[in-house]
S.K.: 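Quick one: this structure, given as structure tokens, is what I'll be asking you about.
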Amino acid sequence: MDKQYIIRGVQRSSFRKFIAWMIPWAGLLIFGVYAIYLCLAKGLNQTNMDNRFAFGVWIFLDLTVIALGAGAFFTGFLLYILKKKELHAVINSAVVIGFICYSGAVGVLMVDVGQPLRAWFTFWHPNVHSMLTEVTFCITCYLTVLAIEYVPVILKNRKLREIPSMLVFEHELHKLVFVLAAVGTFLSFFHQGSLGGLYGVLRGRPFAFREGIAIWPSTFFLFILSAAAVGPSFILLTTWLVSKISKKRLVKKNVLMLLGKISGALLIVYVLLKTIDTLVWINSTSPAVGFPAYEFYSRKPFGTWILFTEIVVFGLLPALVLLSGRMRAHVGLLVTAAAFACTGVALNRFVMTIQTLALPTLPFDPFLSYMPSWQEVGAFLAVIAYGVLVYSLSFRYLVLFPQERELSNG
Amino acid sequence: MTAQKNSRYGMVIDLDACTGCGACMVACAVENNIPPAPESANERTGITWMRVYKVLNGKSFPDTQAVFVPMMCQQCEHHTPCISVCPQKAVELDEESGIVAQIPVRCLGCRYCMTACPYHARYFNWWDPVWPKGMEQTLNPDVAPRMRGVVEKCNFCHGRLQAAKAKAAAEGRIEIRPEEYQPACSDACPTNAIVFGDLNDEQSEVSRMAHQKDSFRLLETLGSEPKVYFQSERPWVHHIAEQDFASPEKETVHG
Amino acid sequence: MFPWVYGFTWDAGSIVFLGAFFTVLAVLVATLMKATLRAVNDVKLERTECIRWKSDFHDLPAAAKKCRHEFTGEFAHRTCDNNFDCRDCATHAKLMSEHPLVVPENAEDVVYGFTMPLDRMYHRGHTWVRREEDGSFTIGLDDFASRLIGVPEQIELPPAGTRLRVNGTAWNVKKQGAAVRILSPVEGEVIEAGDPQRGWFLRVKPLEEKPNLRNLLRGAEIRPWMLREMERFQGLLATEGAGIALADGGVPVNDFSKAYPRADWDTVMGEMLLEP
Amino acid sequence: MDKISRRALLKFAGGSVVGFLFSPMPWKLLDDTAKWSQNWSWIPKPPQGAITIKYNTCTLCQAGCGVRVRCVGDRPVALTGVHDHPISFGAMCPAGIVGHHLPYHPARVTQPLKLTEHAGSVDQYPLQPDELMNDLAKVIGEAHSSGTSVVFVDGQPNRYVSQLYRQLIDSLPNGIYAVSPHGDAVSAALQTMSERPSGMLGYDLEHARTIINFRAPLMDGWGTPGRIGQIIKQQKKVGVSERLKIIHVETRYSRAAAMSDEWIPVNPGADVFFALGLAHVIVREKLYASAVRKTADFDDAGISFVKFVREFSPDVVAPVTGISADKITRTTRELARHTPAVVVGGTMSDEEAMVLAQLNLLLGSVGKTGGVVARRSLPEIMTDRRERSAAKTIAQIPDGSVHLLIVDESAAAAIPWQILEKKLASEKSVVVSIASHLVGQTKCANYVVPSPTYLESLRDVHSPEGSVFASLSVSSPLIKVPAGVIEPASFLQKLAAAAGVPASPSISSPEDLLKKHVDALYRSRRGHVFVYANKETVDISKIESSEQLWKLLVDGGVWIDTSAEPAQRLLFFGHRKENYARMKTFIEERKQSAGKRTGGFPLALMPFRACGDVGEISPLMTKLYQESGLRAMSNRAMINPGTGAMFNLIDGAPAIVSTQKGKMKVDVRFDESVMPSVLFVSAGPDKACFNHSTAAKEENILLLCECDTDSLHCATPANIQKA
């Protein structure tokens, strides 16, 4: 019944089936929105965060989705600036994923702050020395960029492009999309870095504190690199996932392999630098401020295994798989490696946010634990449900994978 | 008018004299209009600008010993961890007094400063400030209550400094007399364990005590130059404060 | 943020940071403004149809974008890079001068049972153009398109006086819920609307005395083109699961969609009539 | 008219949005968000007004700290200590600092209430004062006919106003005035040991070199907070070798133990054996003061202290107390070497207190500088002999004899409910609580008579616990009493009237009573007055009239005696022959009970509470109890981590404590300082004491304990399991 809105030449499930798919996600979204409402109306006492665990699962979510959403900027950069034409096959999907990740993150941040009505204070009285200022500015700007990039994708909808003004606007905007890609790259570079800097500058948290170059701690660069590394992996993963769920061939295998290769190449550099950084931190930075690093790993459950898992299992291992042409050619391995890479970065963000806060600083501090409340989990799920809904709608009514039509028509 | 010499207000807390009675904590709450806790608040969500921790020596019965450690904002002077992180200049280091000031009306409630503070001296208003009916009659007229969703912390009873300065100005004096400005906690301490004053003033007791052999600061190695000093004659207290991780003792805390 | 806002300082950090921010902001605004102004200009200059075709052409699958010279065997593989507008295509001009088209002897050609009269020129979107004696052009659907569309539920013909552009929309057709636009083969002004009974749909007065018709297929090109089109058609039907095969030599049915209702005619019509 | 097309509508909407953005409106709205979020209507605005300073004396406990009251308009907004105050030295306890919140406490009672309890919650029915009086008169009538008594329990009997209460109660048929255990048991024991009746005794801690303290909360509410603070401060100024040494004897590592130089963790209930062990060593090694030998019953043929302590050699008491024989011997020698040494005790039974008093006598600290000193009594104006005789303690009231029990607030807070309950004659007996707040055990009463709270009434405060010199100060009302609140004296007067007793008290009101006493004091020409406002000390001879003295006291001043009473001769067992036998029996009983474990209850449960942990406290005390772990609320249990692990408990998780009397849910905290196999549970304030729902009946660990009047130090066999 919505056939005239669906792009020609591709097969989509029946409207009934589509609704059946959307309803549970919409339900989840409604639940999450209720949780968010509670947090906004009654205050953050609805969460299990506290004065000691001032950041919780939301910040972890923000950092992770923004890292994963880096696929948008990095694919755009590769396609429009470095002219990797193959990536045209996934750029639209990347933009939508980026938009979802960033808007979700900004949405959750708005709930996370105690006084959302004052969000604009950061713009009005910016403290330019704060990493969070940089993050706030860059994320809002980049979300705007993503929204602008999303516009042509939406305007390509079959019904919308029948309207002449939409058609020409899309056409003209699309011609300038390289500017947006360049701006997006610039902004992403800084805010991905600043998100890392967010923790790296915490002098009072020796577990997170890092030395660096000029005003930027090493985590600044590591975050950029890790985000750039897993961005393509996440695009690969989502493309594969969407392909499995919709039972369609969406892109040619060479595109997935290219994404994997790029991811692998960056990941190996990241793993190398992360290892160096960790060694420097263990042997120099941390002891210099009076905290021997082994002390951090003496607290259950965060032993050294977490370091090993992050760097080797979810870092080095997927990097090697992605770099090997033979293994990359095997879709199962390719996808698993991409999933590992994404998990690795999520774990890194978890370590930076949650473990940092769990560890004591004062000599008589206890090790702290924190378990999110259902309201926090609800808001978290709302972002996921929102993402699935937006992506599902986009996938059904917009052209996310230009190659799909060709592939489905043999 | 001659240029006023900048002060560096600080404290020396004699841990051997602190009985852990908590008078400083309630005096602070009264002075700064900190509301009583709502029913579901706990040790990690309450607001105690001043908090007395009971720290054990880590030995088990019967060798256990305890020290009470009053903790508040340590007023870091160098690389103040909370100032540089605030995205909107809601935290400032007052040049004239050396006090790290939190401006609640400009605070967004992002709590980044709380994660930055190694002393856990910053508190978030998880609830709306509510006093039992009628009790708002007892609020201190010099301090505005804060709203839900903002961060607050000890400011060495900045309101009292302002009042003292206003009084001095009214009397035609440029500088205030040391006894005119005491924060509520040092004022309330029954054993005078909290000594407050200007560290820049070499005549002051606080600067004399700060330079004594058994004075130390917590987390000195972080290099944030806090202006709150502690004193104890007990070696184990120093041992814990210096965070000698090589020691087999594991400390526990109640507070 | 601004020098007049409380708390602003003129330090290097602020200048660099806010400078970068305002630059980004300016670039974004400029980009949006530029796109908007250009779009307004496009609408004003009536470039909409042109843009629509460009955009459509861009989205067409490679199989639908074969150069006409591939049909004639001059290239093994060539995808058109000029939006099927051979009027200003240098390659086309060069090839045409090298190998002028052979004038066919027969009056019509029959390909897979589709009658293609050779007294007229064909557009890649399955329309034909015939020069009438009065100098006007009549535009109609070729046999394939007629059978593809069959009896449409609705035909929206442009009123007299409408300006048509090459590869722009000539008219719109609705059939079984699928809406399809028919591409105009020529440039001109509509002077009369026809209907299927009259054999043509539009009569158009060209804008120039001698309009450039090099974009249209003619003569010996028709057969190889139609053969390729049939290949495409069959391929489409196969993937659509209709399971129909075009019998050699047999006369096709008059209305495909009626005959094979299971096929996704929206996709098929869109693909065949060059509207992705 | 044309039909509005969708296109036009869209254009209109789009245009509106763009137009709105370019108008000043959004910026204005944005700007306003800053104002809104700073000035929400529900954020209270501190009332402004002229700031004045008044002076007063704290009446929340017996300490009588001087208070400087900062007022805005007429309302007190901050209470701080009065510097240079001779008793409180400018210090205040946390409860005193926030005392001005009490009038606004959510649990405040401002009209008579009838309480009924069902399903764990307490229903309140407001009454008119007349209804209340009629109900109570009926009860008194019935009590009279059945011969059972009407008992009034006074929690703070050493105030002058208590005399008024006593006079009124005594006038009722079968009326008995009783007092709750209060004050210093050791001092009371010393009184019974003296030859002639004497006033209470104080401790000259300032001049002592050794203090051995049996669980008195020395740094936690004993005496005045300022006095101890002063001693600690002075000690820091002298060389380590000359310093006062404080030895603390208590099972729990209390705050006082933490602040002492040495903690002696005796087994639950074994303090008395440790004391006897000390006495044994002193006698055996002849470390006692030489004068002691001259005491009649030191080593008499009949009653002999030497014989009494003979069996308690360190080797004998070591296993009972958990303290090694060597340690006992060394401690004793240290005590004897570093004299003056003084023995101080907390709330305890009379017999235990007597042992500590005997220790004082042995060490020769009675009547000596740096020892135990008798303070002079204040002049009395009640000439009636009966009124001057000792009031009955609650323990002396026979069980099952009381028909109408009237408890005042502090008595209700101090005495465990099951002790009071035992005294009631029948199910129909009525309990009336005179209280300002509906918290704690007040909820167990049948009727509540609303009384004025701190800063609302005229009250007198006498010499704080342990003070060497007698003192008197008066607290004058600063806050208007809410309508409906009844002054206890006036309630008792009305009660007497309702019971048909002709009103004939010679004193009509507390003010009248206090003025008469102040007049007597003035005429005694003793002591001097410290005036808070100007921090001057005025000798009584410089005061022109008793009215002026009254004014000085009411406006903020304290009268202090300038000398103590001369030393008296004491006997180890006093003059009452039965004391010796009583002590013997007590010791035998203790021997039997010490270390006794009942099957299924492997732990020793000991309740604990600190000063200020009972009764109404300001909601702001959540800072200490709820928002930090500095003090323990009523459901906090402390256990040794090893013991906790044995019982599969988790630190910070809830658990169920059970004794033979019932069960209670507690919140477990592991604490290294806790003696293994001992479970400490706070008998501190309930959540309801702060600001939360007042309907629920409060659970208190004391209800699970086997207790006498000294409920806090009896170990009850108990069990604990994960909730």
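Lettering follows sequence order; numbering is per chain, from 1.
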S.K.: Does anything in residues 178-189 of chain B reach chain D? List residues with heavy atoms under 4.5 Å apart, or say none.
M.R.: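 The stretch touches chain D at B:Asp187, B:Ala188.
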
S.K.: In terms of side-chain geometry, is the basic nitrogen of D:Arg70 or B:Asp142 positioned less than 4.0 Å from the acidic oxygen of its partner?
M.R.: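 Result for this pair is yes, salt bridge flagged.
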
S.K.: Select one option (side chain, backbone, both, neither) describing which atoms of D:Pro44 are under 4.5 Å from chain B's heavy atoms.
M.R.: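 Interface part for D:Pro44: both.
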
S.K.: Return the option, out of D:Pro47, D:Pro94, D:Gly229, with the maximum number of heavy-atom pairs under 4.5 Å with chain B.
M.R.: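 Option with the greatest count: D:Pro94.
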
S.K.: Using side-chain heavy atoms (C-beta onward) and a distance below 4.5 Å, is B:Glu152 in contact with B:Arg122?
M.R.: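 No, their side chains stay 4.5 Å or more apart.
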
S.K.: So which heavy atom on D:Gly49 is nearest to which on D:Val72, and how close?
M.R.: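 That closest heavy-atom pairing would be N-CG1, 3.4 Å.
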
S.K.: Starting from the C-alpha separation in whole Å, work towards a yes-or-no answer on side chain to side chain contact (heavy atoms under 4.5 Å, CB included) for D:Val668 and D:Phe670.
M.R.: CA-CA 7 Å; D:Val668 173; D:Phe670 286 2; 3.7 Å; yes

S.K.: Decide whether D:Thr622 and D:Glu627 meet the rule of one side-chain donor and one side-chain acceptor closer than 3.5 Å.
M.R.: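 The criterion, which ignores hydrogens and geometry beyond distance, is satisfied for D:Glu627 and D:Thr622.
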
S.K.: Between B:Asn42, B:Ile34, B:Val105, B:Thr48, which residue shows the highest count of heavy-atom pairs closer than 4.5 Å to chain D?
M.R.: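 Ranked by heavy-atom pairs under 4.5 Å with chain D, first place is B:Val105.
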
S.K.: Which atoms of D:Leu620 come close to chain B, meaning under 4.5 Å heavy atom to heavy atom: side chain ones, backbone ones, both, or neither?
M.R.: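 For D:Leu620, heavy atoms of backbone and side chain both lie under 4.5 Å from chain B.
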
S.K.: Determine the option with the most heavy-atom pairs under 4.5 angstrom with chain D, choosing from B:Val150, B:Thr45, B:Asp16, B:Val143.
M.R.: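 Of the candidates given, the most pairs with chain D belong to B:Asp16.
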
S.K.: Does any heavy atom of chain D fall under 4.5 Å from the side chain of B:Asn33, the backbone, both, or neither of them?
M.R.: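 Looking at B:Asn33, just its side chain touches chain D.
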
S.K.: Is it the backbone or the side chain of D:Thr80 that comes under 4.5 Å from a heavy atom of chain B, or both, or neither?
M.R.: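 Just the side chain, heavy atoms under 4.5 Å.
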
S.K.: Would you please test D:Glu616 and D:Thr453 for side chain to side chain contact (heavy atoms under 4.5 Å, CB included) and show each step?
M.R.: CA-CA 10 Å; D:Glu616 71 280 5; D:Thr453 187; 4.2 Å; yes

S.K.: Does this structure show an ion pair linking D:Lys480 with D:Glu456, if we count only N-O contacts that are shorter than 4.0 Å?
M.R.: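 Answer for the salt bridge query: no.
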
S.K.: Under a plain distance cut-off of 3.5 Å, with no hydrogens placed, do B:Asp128 and D:Trp42 share a side-chain donor-acceptor pair?
M.R.: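 Judged by distance alone, the side chains do pair up.
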
S.K.: If you count heavy-atom pairs under 4.5 Å between each of B:Gly46, B:Pro62, B:Cys21, B:Ser60 and chain D, which one has the most?
M.R.: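 Option with the top pair count is B:Cys21.
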
S.K.: What part of B:Cys24 is in contact with chain D, defined as an atom under 4.5 angstrom from a non-hydrogen atom: side chain, backbone, both or neither?
M.R.: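 The answer is neither part of B:Cys24.
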
S.K.: So what's closer than 4.5 Å to chain B heavy atoms on D:Lys623: side chain, backbone, both or neither?
M.R.: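 Its backbone and side chain both get close to chain B.
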
S.K.: At a heavy-atom separation under 4.5 Å, does B:Pro104 approach chain D through its side chain, its backbone, both, or neither?
M.R.: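 Neither the backbone nor the side chain of B:Pro104 comes within 4.5 Å of chain D.
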
S.K.: Between the side chains of B:Trp236 and B:Gln65, is a donor N or O closer than 3.5 angstrom to an acceptor N or O?
M.R.: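 Yes, B:Gln65 and B:Trp236 have a side-chain donor paired with an acceptor closer than 3.5 Å.
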
S.K.: Please identify, among D:Met219, D:Met259, D:Arg227, D:His100, the residue contributing the most non-hydrogen atom pairs under 4.5 Å to chain B.
M.R.: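 Top count of heavy-atom pairs under 4.5 Å with chain B: D:Met259.
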
S.K.: Pick whichever of D:Ala91, D:Gly73, D:Pro46, D:Gly642 has the most heavy-atom pairs under 4.5 Å with chain B.
M.R.: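 It is D:Pro46.
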
S.K.: Looking only at heavy atoms and a cut-off of under 4.5 Å, which of B:Ala144, B:Ala17, B:Gly20, B:Cys28 has the most pairs with chain D?
M.R.: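 Going by pairs under 4.5 Å, I would pick B:Gly20.
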
S.K.: Given side chains that start at C-beta, do those of B:Tyr123 and B:Val151 come closer than 4.5 Å, heavy atoms only?
M.R.: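 No; the side chains remain at least 4.5 Å from each other.
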
S.K.: With side chain to side chain contact (heavy atoms under 4.5 Å, CB included) as the test, would you mind laying out the steps for D:Trp263 and D:Ser254 before giving the verdict?
M.R.: CA-CA 10 Å; D:Trp263 171 44; D:Ser254 60; over 6 Å; no

S.K.: Between D:Ile231, D:Val98, D:Leu624, which residue shows the highest count of heavy-atom pairs closer than 4.5 Å to chain B?
M.R.: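 If we count pairs closer than 4.5 Å to chain B, D:Leu624 comes out on top.
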
S.K.: Which atom names give the shortest non-hydrogen contact between D:Arg255 and D:Leu630, and what distance separates them?
M.R.: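 Shortest heavy-atom contact: NH1-O, 4.0 Å.
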
S.K.: Charged N to carboxylate O below 4.0 Å: is that the case for D:Arg636 and B:Glu43?
M.R.: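 So D:Arg636 pairs with B:Glu43 through a salt bridge.
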
